[in-house]
Novice: 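Below you will find the structure I want to go over with you.
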Amino acid sequence: MAWAVAAVLGLLLLLGSPGGCGGSPGPPRDSLREELLLSPLPSGDIAATFQFRARWDSELHREGVSHYRLFPKALGQLISKYLVRELHLSLTQGFWRTRTWGQPYLQAPAGAELWVWFQDSVTDVDKAWKELSNILSGIFCASLNFIDSTNTVTPTASFKPLGLANVTDHHLLRYAVLPREIVCTENLTPWKKLLPCSSKAGLAVLLKAERLFHTSYHSQAVHIRPICRDASCLSVSWELRQTLTVVFDTFSIGQGKRDWSLFKMFSRTVTEACPLASESKIYVDISSKTQENELLEVTPPPLSVHEASVQGDRRTYAVYDLLSPLLFNVSRSLNVQLKWKRPQDSLDLSTPVLHAQRYVSGYGLQTGEISTLIYNTHPYRAFPVILLETVPWYLRLYVHTLVITTKGKENKPSYIHYQPAQDRRRPHLLEMLIQLPANSVTKITIQFERALLKWTEYTPDPNHGFYVSPSVLSALVPSVLAMKAEDAEKSPLFTSLFPSADGSSYFVRLYTEPLLVNLPTPDFSMPYNVICLTCTVVAVCYGSFYNLLTRTFHVEEPSRGGLAKRLANIIRKVRGVPPL
Amino acid sequence: PPLPVAKPVPMAAALPGPRWLPAAAALLWACCGSAATDGIQDQAEQFFRSGHTNNWAVLVCTSRFWFNYRHVANTLSVYRSVKRLGIPDSHIVLMLADDMACNPRNPKPATVFSHKNMELNVYGDDVEVDYRSYEVTVENFLRVLTGRIPPSTPRSKRLLSDDRSNILIYMTGHGGNGFLKFQDSEEITNVELADAFEQMWQKRRYNELLFIIDTCQGASMYERFYSPNIMALASSQVGEDSLSHQPDLGIGVHLMDRYTFYVLEFLEEIHPASQTNMNDLFQVCPRSLCVSTPGHRTDLFQRDPQNVLITDFFGSVRKVEITTETVALDPNLVGLETRVPNDEMATEPLKYAEQLPVAQIIHQKPKQKDWHPPGGFILGLWALIIMVFFKTYGIKHMKYIF
């Protein structure tokens, strides 16, 4: 009997756990963190950076992944179908003025920028790239389908992967910029729909289009990359980071005063955290408070203060944790306000260590010159910078006129990679590693000649001009303070996008302005004018000659006779009949 | 003997009883008969109601530049009405040739207004534009209509209609007698449009089609249609101009065209259950308000416009069948999902790539793509040539060389 009972029990156990060795479900495999960083800029404007990070502890390239929870299905399917290792897409309106606003956490070039690292198992990278950009144009309502071989390049030294990587063969990297791309509500709508709480709860309720586009700088981005799952880094998790940076002009929203509040900026306040988020925080940069006592006041008083060394600077942040119940004790909605106690007369404009500027010079519609100025304002440290320039094929660069000067002397780059353009097929690619001496200005000039396009290749508004995409500067800037490597999970999101190898320098990627260049444009009303002119010439000149040559003349006799005969002759003349 | 002749006897005299009885009997029979035929009539009426199962909308604005703000506002107001009445974004193909909302000249970014007191923001917070800016071309428009689209086009940019779809096509911009101008650089003619609709009919891509056009001389665009089941409306006849409504002094341009302004006013009264029919839409904007004469064409349409509801084209009214059967769900399905395969672990820790490996970059040698022949080859070649020369012309020249 006992063995029968045991057998039955065994059978029941086997049937009762259909999972087999899987056993009970483990801890939740994906997590969401959201944060908002408000930092007053030296020029008086206020920058707000939203970051939403969905982390999924799973291997997306495995077959049979079908259950998506916090990670959006649209992007998950894209990654597994096109074997993407990293994807970075940004849509930006405006330009980050590094000189007046300071170093950005994450800058993006004006327009649309897309760069992708593929897995090494991809057979045809160009085909996957083309299809990927088409699909993304449908997801984000942007004209990314205009990305083709005429604006795609393969950088050889910049844009190293930001996630885990063991193979860095640059043939798997593609980079393209569309500087003409417009960003508006139709791009924000699908971006918001990728968030787990959409715009209904959490920090995303502040994202209202009417306020977000009334700004000096608006940039929204999507970053997907593989990261370490834990400190031992033996397995891979996928991270989707959605960032949105806006810079509000306080003088226009604050009616002249530099005080700001969440309600004034976004016309909304925060009432609760997203229920699906494991962490939901608002950071306010109050560094100026500690430097000079009581310069500014933040209400409601923060529950905790966080200190971090960010980009070589020691900064203090007031933290509002939306998941802690103490925050909403006093009032149901949170409206963070900042008041300046006394006017900041001596503006602490610490110039950023690295900033750049680019412009076109020259006259006429045949030749021109592109000049890039790179400033290194560090007092005693020199560091290298990689400059990546992509110039469209219709501006024919003359590489023999490339001149790099620093402090009056010539500066030879340690590494140059130049790929000349092919008409209508490939743009110019110029990549250089330049050493910037301390406290110097480096000027890079190159001359070009403008090409004449075929008349069908002009856009419907050719007199607006043609854009040259911004150049990219990547540098490891030495920092004054030593930064210790913090645990990626504990540190705030805004410090952890670029993996830092050591604490003595931080990685920064800057973009210059896009350039607007006029090409020799034909007058498109000319066909109509030509037809009118030709027809006039034909009618007047040729017609006259024809008449002169073919018209016959005959003598007309004077009319004799009475009135009746004269009248009859007039009538006959009118009819064309010989007179009586 | 005379045969008996049946003389017709008046019924009233023959039958006994009250005089009204036969009349009442006749009336009763008529009523019962009509009750019986009511069911048949209902069935017959089903033939005259639309047999569509889904709705699509293709809304096109073809003008570029800031002074054509009103065309974008026209298209967005129709988009707004169509979304409000139930057609989802996945069934709307919206093509806007220029961006007015985030244009640097717009004093109120991310808004497009339809009325001069800035009452109604037709751009809204939830808009999805499928074709924007330079993508709005005649070729893309015809490809969307006929379905001949490159294979990698995303779903939101396709018109995936079938033979039970009612499609609304709205076009606005600058036009003339027989053509519509796209973005100031190309035109589409009425013949091309009619042929595109015929292609759609032959491929069974629509059940019924409503075509609305708001341009100058708009009636010329529907003159050449020859496919069945098309109803067309235009804002002006051939030889007339469609006029714009009113400018706004804050924005600086005209905000809407008159015809679409009054159509929007008319559509704001419609809700998904309303029974308003097409004849009311034909009466919108008489000459006194619109200055131009709106026209319509219904000869190709099988049903009577009296029976066509506005929501047949502007809304997405689904016919829902309620069933009283019960469906039993299996409660044991929960356990299947917990089986998660373990991911493979790497043997040694993975690391992030170095962002700026200076030494690695400097020593990166570019791949030698072209093959250069070695220097010895050139020398050998020249030696061979010289040898052949001296062989043919004689060895005596050699001593002067060496």
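Any value given below was found using the heavy atoms of this structure, including those in side chains, with hydrogens, waters and symmetry copies removed. Bear in mind the structure is a predicted one, so any value in this text is a computation, not a measurement. To find a chain, count down the sequence lines: A is the first, B the second, and so on, and within it residues start at 1.
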Novice: Counting only non-hydrogen atoms closer than 4.5 Å, does A:Phe524 touch chain B with its backbone (N, CA, C, O), its side chain (CB onward), both, or neither?
Specialist: neither

Novice: Regarding A:Arg225 and A:Glu239, does a basic nitrogen lie under 4.0 Å from an acidic carboxylate oxygen?
Specialist: yes

Novice: As an exercise: rank A:Ala165, A:Gly138, A:Cys141 by heavy-atom pairs under 4.5 Å with chain B and give me the winner.
Specialist: A:Cys141

Novice: So that I can tick it off, tell me whether A:Asp461 and B:Arg64 are bridged by a salt bridge, with the cut-off set at under 4.0 angstrom between side-chain N and carboxylate O.
Specialist: yes

Novice: Which bit of B:Tyr131 is near chain A, if near means a heavy-atom gap under 4.5 Å: side chain, backbone, both or neither?
Specialist: neither

Novice: Is A:Asp30 paired with A:Arg69 through a side-chain N to carboxylate O contact shorter than 4.0 Å?
Specialist: yes

Novice: Taking the side chain from A:Asn187 and the backbone from A:Phe140, do they hold a donor-acceptor pair closer than 3.5 Å?
Specialist: yes

Novice: When heavy-atom pairs shorter than 4.5 Å are enumerated against chain A, which of B:Pro150, B:Ala110, B:Ala97, B:Cys102 gives the highest number?
Specialist: B:Cys102

Novice: Tell me, for A:Leu433 versus chain B, whether the close heavy atoms (under 4.5 Å) come from the side chain, the backbone, both or neither.
Specialist: side chain

Novice: Measuring heavy-atom distances to chain B, does A:Lys193 have an atom under 4.5 Å in its side chain, in its backbone, in both, or in neither?
Specialist: side chain

Novice: Is the closest basic N to carboxylate O distance between B:Asp98 and B:Arg132 below 4.0 Å?
Specialist: no

Novice: Salt bridge between A:Lys81 and A:Glu131, side-chain N to carboxylate O under 4.0 Å?
Specialist: no

Novice: Taking A:Ala157, A:Ala209, A:Ser143, A:Ser137 one by one, which has the highest count of heavy-atom pairs under 4.5 Å against chain B?
Specialist: A:Ser143

Novice: Do you know which of A:Leu162, A:Leu212, A:Val183 has the most heavy-atom pairs with chain B at a distance under 4.5 angstrom?
Specialist: A:Leu162

Novice: Identify the two heavy atoms, one from B:Val358 and one from A:Pro384, that lie closest to each other, and give their separation to 0.1 Å.
Specialist: CG2-CG, 3.7 Å

Novice: How about A:Thr189 and B:Glu128: does a side-chain donor come under 3.5 Å of a side-chain acceptor?
Specialist: no

Novice: For A:Ala142, which atoms come within 4.5 Å of any heavy atom of chain B: side chain, backbone, both, or neither?
Specialist: both

Novice: So what's closer than 4.5 Å to chain B heavy atoms on A:Arg211: side chain, backbone, both or neither?
Specialist: neither

Novice: Take atom NZ of B:Lys108 as the centre, draw a 6.0 Å sphere, and report whether it contains more than 12 heavy atoms from other residues, nucleotides or ligands.
Specialist: no

Novice: Which atoms of B:Pro357 are under 4.5 Å from chain A, going by heavy atoms: the side chain, the backbone, both sets, or neither?
Specialist: side chain

Novice: Which atoms of B:Phe182 come close to chain A, meaning under 4.5 Å heavy atom to heavy atom: side chain ones, backbone ones, both, or neither?
Specialist: neither

Novice: Who wins among B:Gly124, B:Ser152, B:Ala101 for the most heavy-atom pairs under 4.5 Å with chain A?
Specialist: B:Ser152

Novice: Name the region of B:Ser185, side chain, backbone, both or neither, that has any atom closer than 4.5 Å to a heavy atom of chain A.
Specialist: side chain

Novice: Taking atom types as modelled and ignoring hydrogens, do the side chains of B:Tyr123 and B:Arg80 form a donor-acceptor contact shorter than 3.5 angstrom?
Specialist: no

Novice: Taking the six-membered ring for Trp, are the ring centroids of B:Trp66 and B:Tyr69 within less than 6.0 Å of each other?
Specialist: yes

Novice: More than 12 heavy atoms of other residues, nucleotides or ligands under 6.0 Å from NE2 of B:His91: is that the case?
Specialist: yes

Novice: Please classify the contact between A:Leu188 and chain B as side chain, backbone, both or neither, with a heavy-atom cut-off of under 4.5 Å.
Specialist: neither

Novice: Relative to chain A, which of B:Asp126, B:Leu94, B:Val127 shows the most heavy atom pairs under 4.5 Å?
Specialist: B:Val127

Novice: Please classify the contact of A:Ser414 with chain B as side chain, backbone, both or neither, using a heavy-atom distance under 4.5 Å.
Specialist: both

Novice: Who wins among A:Ser158, A:Pro460, A:Ser474, A:Ala475 for the most heavy-atom pairs under 4.5 Å with chain B?
Specialist: A:Pro460

Novice: Heavy-atom distance under 4.5 Å to chain A: side chain of B:Asn121, backbone, both or neither?
Specialist: side chain

Novice: Select one option (side chain, backbone, both, neither) describing which atoms of A:Val385 are under 4.5 Å from chain B's heavy atoms.
Specialist: neither

Novice: If you measure only the distance, is there a donor-acceptor pair under 3.5 Å linking the side chains of A:Ser237 and A:Asp57?
Specialist: yes

Novice: I need the residue from B:Asp130, B:Asp184, B:Asp125 with the largest number of non-hydrogen atom pairs under 4.5 Å to chain A.
Specialist: B:Asp125

Novice: Examine whether an atom of A:Ser199 lies under 4.5 Å from a heavy atom of chain B, and if so say whether it belongs to the side chain, the backbone or both; otherwise answer neither.
Specialist: neither

